[in-house]
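Values below: every heavy atom of this structure, side chains too, minus hydrogens, waters and symmetry copies. Letters A, B, ... are given to chains in the order of the sequence lines, protein chains preceding strands, and every chain is numbered from 1.
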Amino acid sequence: MTAERSDPDLVEALAARDLSALSALYDRYGRVAYSLAYRILGEPEGAEDVVQDAFLAAWRGAGTFRRERGNARSWLLSIVHHRAVDLLRRKTAFRPAPLEAVGDRPADVDTAEEAAKNVEHRSVRDALQGLPEAQRRTIELAYFGGYTQSELAELMGVPLGTVKGRMRIGLQKMRRALVALR
Amino acid sequence: MTHVLDDLELYATGALPAEGSAAVAAHLERCAECRAAAAEIAEVVSLLPDVVPLRDPPPALRERILAAAAADLAREPRRSLPDLLRARLTSVAMPVAIGLVLLLGATTAMRVQESQAQLALYEEQLERISHANRSWYMEGVEPWAGMGGTLVVQSNDRRPFVLFHDLRPLPQGQMYAVWLIEPDGSWTRGTSFRADGNKYQLVDVGRELAGFDQCAVTVEASETGKRQGPIVMQSRIAPPSR
Ligand SMILES: [Zn+2]
């Protein structure tokens, strides 16, 4: 057995077409990637497609990964996020988007107990939960719900400037909360 | 230049429509100020997946992804020719050499970490190239058995290289040296290098073969100077006549 390879090593090996690097990255981040895609799409088939597309995109585009733009995990998850939201928007191009339905996405149900298993995850969750309702929902609807800025404004019945402001302040607060924990 | 600071949160959370998102991305490419701000926001946003309840993907998903990636590898050799090596390996050995070169990638001090499929293809290509009468295999001598290298050169090519396999890493301060030996027994160093830890490693000899009739690899403590260390592998060579 060789020692566990670091993320940067794995991404470098990925660019060098090392298949074992891809399997190592999948074993490391496949689960959170799938969970994120599932959370956004609310169903398993789409989530699988998204994860497959995302890892293959990483495999094919590893040469363009730039370390200063973030770590391997956030790189992979941003690909997953992007593709999941894309797929969601294509599937729901004319969705009515009733506000009350949004919170009922299946993954919301067990979020608290599941995520609480991991202290690090809980701190992120606490930071999010600690936000005023309007800020938290704006962030969640955008990131997990795939709503665009104009949809957010309409959905929440506020001007675009308010959407931006809530998101900005919410993310700043989260950042401070998380930095304080380190 | 109009900054995009106002849109960075929307951008990071994916809430900008496609055009807006592309415009922000383009701006970030050339604006360090906005890029720094975007990185801070992206850092927080990148933690959001942590709040999601974890679910196990079906095991078949892993297999599908790896199979698709392996299929990519099998297709790749026919896609893009690394110009550098295309230039150095033209002529009779072309079909064979192309296969080898493509397996190796584009740079000269290249690293090859093959999948099993690549590995098999490599062995096959190496077998064929070794029949091309323009390559010579050097086998590791005790206690270096198991390592080896194929010296490859073409009649119209002045840049021979060695494709090594299984080179062992050396202790700090030591390195491998490739030597060319004249019929009168004088040694000339071609190059010095360190094992990069990969199974295969391609090293430029750094010298034409004309005038030499043997090639050898030794372990040395210095990048220059006369040969002092032990011989790791060696072969008689018959360079193309000029
Ligand atoms: Zn700017």
Quick check on [X] against chain B: is it the side chain, the backbone, both or neither that has a heavy atom closer than 4.5 Å?
| X | result |
| --- | --- |
| A:L36 | both |
| A:L171 | both |
| A:S23 | both |
| A:Y34 | side chain |

If you measure only the distance, is there a donor-acceptor pair under 3.5 Å linking the side chains of [X] and [Y]?
| X | Y | answer |
| --- | --- | --- |
| A:S20 | A:R5 | yes |
| A:T138 | A:Q135 | no |
| A:S6 | A:D9 | yes |

Query raised in the report: Can you say whether the rings of B:Y176 and B:W144 are parallel (under 30°), tilted (30 to 60°) or perpendicular (over 60°)?
Result: perpendicular
Requested in this report: Could you tell me whether the side chain of B:T13 and the main chain of B:E9 form a donor-acceptor pair under 3.5 Å?
Outcome: yes
**Report entry** Atom pair CZ (A:R125) and CG (B:D50), whose distance is rounded to the nearest 0.5 Å
**Finding:** 11.5 Å
**Report entry** Reported CD-to-CG distance for the pair B:E43 and A:N71, which is rounded to 0.5 angstrom
**Finding:** 8.5 Å
Report task. Just give me the residue among A:A21, A:A127, A:S35 that pairs up with chain B most often, heavy atom to heavy atom, under 4.5 Å. Result -> A:S35
Report task. Considering only heavy atoms, give the residues of residues 166-174 of chain B separated from chain A by less than 4.5 Å, sorted numerically, with 'none' for an empty result. Result -> none
Query raised in the report: With respect to chain A, which residue among B:D7, B:L8, B:L61 yields the maximal number of heavy-atom pairs within a distance under 4.5 Å?
Result: B:L61
Report task. Search all heavy atoms of B:R64 against all heavy atoms of A:Q52 and return the closest pair with its distance. Result -> NE-OE1, 2.9 Å
Query - Sub-6.0 Å ring centroid separation between B:F164 and B:F193 - result: yes
Query raised in the report: Relative to chain A, which segment of B:L66 carries a heavy atom at a distance below 4.5 Å: side chain, backbone, both, or neither?
Result: both
